[in-house]
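Just below is one structure, and these are the notes that go with it.
Below, all heavy atoms of this structure are taken into account, side chains as well, without hydrogens, waters or symmetry copies.
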Amino acid sequence: MADPTNLDLELERAADLLAGCTHNVVLTGAGISKESGIPTFRGPDGLWTKLGVPAMDGYQKFMENPRGWWEDRLAQDANPDPDMENFRVQLEAAEPNDGHRALAELERMGVVSHVITQNVDDLHRQGGTESLTEIHGNTSWMRCMACHARWPEAEIIVDPEDLPPRCSQCNGVVKSDGVMFGEPIPPYALQRSQLEALQCDLFMIIGTTAQVYPAAEFPQIAVRRGVPLIEIDPDPTALTAIAAVILRGPAGELLPRLVEAVRERQAV
């Protein structure tokens, strides 16, 4: 049984599982990036709490009129909402924290095989993680709606006189990579995440309430296969009851400790 009140014991148990696994998959949420100064979307200081939840039909409107969507976006960029602009500045200024860097180190050590993130902030990539699925996209990237090619935003030239921008590979319509309300998860991201959940022998959830689907389904797929679940979060989540190990606290503090504990085991 997991005992979240005994952190040292749980750290030892987590390190044992990590050192003994062959394919560990990680799901991260907004909690790991909050330590980098990025506000969450929900909660007292969340962006959506201040501005309201985006329209549920945003994706439908994009598909009906891509040119109009791009015209609105460029107009908003030229005259941004103060709260939205503040969020953008915080996002651009954020840097990977010790949690992001520790996950990348665990990957280099061979004990993290893949990271699935719900975050759109690019911090896992900047922190050094290589095997990565950004299930909700990335706000600093663009994506072709036809062939699903993706590029950093800086590589796309948006001509206000020729909207919407087009894919250089297939001439498909290009939109921001972030997944909108009403937009299906890109098939490549969904398929890769499902595959990882079906082949892992250990699963970790970090900084996620595990309430947003389909992301929350992936650790449950693993647990139903008999795979142990490690939960790292300051607060209980929707999956606390099925976690084999529970580490209560911020990822930026706990993951570096896990790195050292696993390194000690690998050195024996």
Side-chain angles (χ1 to χ4, degrees), residues 1-21 23-38 40 42-43 94 96-119 121 123-124 127-129 131-135 193 196-197 200-212 215-223 227-265:
M1 288 287 293
D3 181 6
T5 64
N6 192 333
L7 181 57
D8 289 339
L9 174 62
E10 294 293 278
L11 277 165
E12 292 299 310
R13 295 181 62 211
D16 286 340
L17 287 172
L18 285 164
C21 75
H23 196 98
N24 172 30
V25 176
V26 180
L27 171 67
T28 69
I32 192 170
S33 291
K34 186 177 181 181
E35 297 176 59
S36 290
I38 297 178
T40 59
R42 299 176 176 85
N97 60 54
D98 288 344
H100 295 106
R101 288 188 286 269
L103 268 185
E105 181 61 22
L106 287 171
E107 182 184 48
R108 287 188 289 269
M109 294 165 63
V111 295
V112 165
S113 298
H114 192 72
V115 174
I116 304 166
T117 186
Q118 299 167 270
N119 300 337
D121 50 40
L123 294 185
H124 281 300
T129 293
S131 187
L132 177 68
T133 295
E134 295 165 309
I135 192 168
S193 299
E196 293 294 336
C200 68
D201 60 357
L202 179 65
F203 207 109
M204 292 202 299
I205 59 172
I206 303 172
T208 175
T209 60
Q211 293 179 322
V212 177
E217 179 65 18
F218 304 136
Q220 295 180 64
I221 290 173
V223 170
V227 171
L229 176 69
I230 298 174
E231 174 180 289
I232 302 177
D233 201 281
D235 304 301
T237 79
L239 300 184
T240 294
I242 61 173
V245 176
I246 299 171
L247 301 178
R248 283 282 169 261
E253 295 179 11
L254 296 176
L255 284 172
R257 293 179 63 181
L258 270 181
V259 168
E260 294 308 312
V262 173
R263 186 171 284 130
E264 290 173 1
R265 285 158 172 76

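Side chains of N24 and S113: no donor on one and acceptor on the other come within 3.5 Å. Judged purely by distance below 3.5 Å, without hydrogens or angles, the side chains of S193 and T133 never pair a donor atom with an acceptor atom. With 3.5 Å as the limit, one finds no donor-acceptor pair spanning the side chains of E35 and H100.
The backbone N or O of A30 sits nowhere less than 3.5 Å from a side-chain atom of S33 that would complete a donor-acceptor pair. Judged by distance alone, the side chain of E10 and the main-chain N or O of I246 form a donor-acceptor pair under 3.5 Å. Using a distance-only test at 3.5 Å, with no hydrogens or angles considered, a donor-acceptor pair links the side chain of D121 to the main chain of L123.
Among all heavy-atom pairs drawn from G127 and A104, the shortest one is O-CB, 3.3 Å. Counting all heavy atoms, side chain and backbone alike, A243 lies closest to A2 at O-CB, 3.8 Å. The two atoms that bring A94 and S36 nearest to each other are CB-O, 3.8 Å, heavy atoms only. When all heavy atoms of A238 and A210 are compared, the closest pair comes out as CB-O, 3.4 Å.
For residues 101-113, the pairs satisfying salt bridge (Lys or Arg N to Asp or Glu O under 4.0 Å) are D98-R101, E105-R108, E105-R263, with sequence neighbours left out.
Here CZ of R248 is found 11.0 Å from OG1 of T5. Values are rounded to the nearest 0.5 Å. Interatomic distance, SG of C21 versus CE of M204, reported as 8.0 Å (0.5 Å rounding). Interatomic distance, CZ of R13 versus CG of L18, reported as 12.5 Å (0.5 Å rounding). In this structure, L247 CG and L255 CG are separated by 8.5 Å, a value rounded to the nearest 0.5 Å.
Salt-bridge formation is not detected for the pair E12/R257: no Lys NZ or Arg NE/NH1/NH2 atom is positioned less than 4.0 Å from an Asp or Glu carboxylate oxygen. Ion pairing of D16 with R265 is present here, as a side-chain N (NZ or NE/NH1/NH2) and a carboxylate O approach within less than 4.0 Å.
Residues I116 and H114 are in side-chain contact: their nearest non-hydrogen atoms beyond the backbone lie under 4.5 Å apart. Two residues are said to be in side-chain contact when any heavy atoms from C-beta on lie closer than 4.5 Å; V262 and V259 fail this criterion. Using a 4.5 Å heavy-atom threshold, the side chains of L27 and I206 count as separate. Side chains of L202 and H23 form no contact here, defined as non-hydrogen atoms less than 4.5 Å apart. Using a 4.5 Å heavy-atom cutoff, the side chains of V245 and L17 are in contact. Between L103 and H124, some side-chain heavy-atom pair lies under the 4.5 Å cut-off. Between T117 and I135, the closest side-chain pair of non-hydrogen atoms is not below 4.5 Å. Considering only heavy atoms from C-beta on, Q118 comes within 4.5 Å of T208 through its side chain.
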Does L254 form a side-chain contact (heavy atoms from CB on, under 4.5 Å) with L7? I'd like the steps, not just the answer.
CA-CA 10 Å; L254 296 176; L7 181 57; 3.9 Å; yes

Test side-chain contact (heavy atoms from CB on, under 4.5 Å) on I232 and L258; report intermediate values, then the result.
CA-CA 11 Å; I232 302 177; L258 270 181; 4.0 Å; yes

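Screening L239, D233, I230 against I205 for a side chain to side chain contact (heavy atoms under 4.5 Å, CB included) leaves a single residue, L239.
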Atom pairs and distances, donor-acceptor, side-chain atoms in residues 215-222, under 3.5 Å, two or more places apart:
residue : atom : partner : partner atom : Å
E217    : OE2  : R224    : NH1          : 3.4
E217    : OE2  : R224    : NH2          : 2.4
Q220    : NE2  : Y213    : OH           : 2.9
Q220    : NE2  : A216    : O            : 2.9

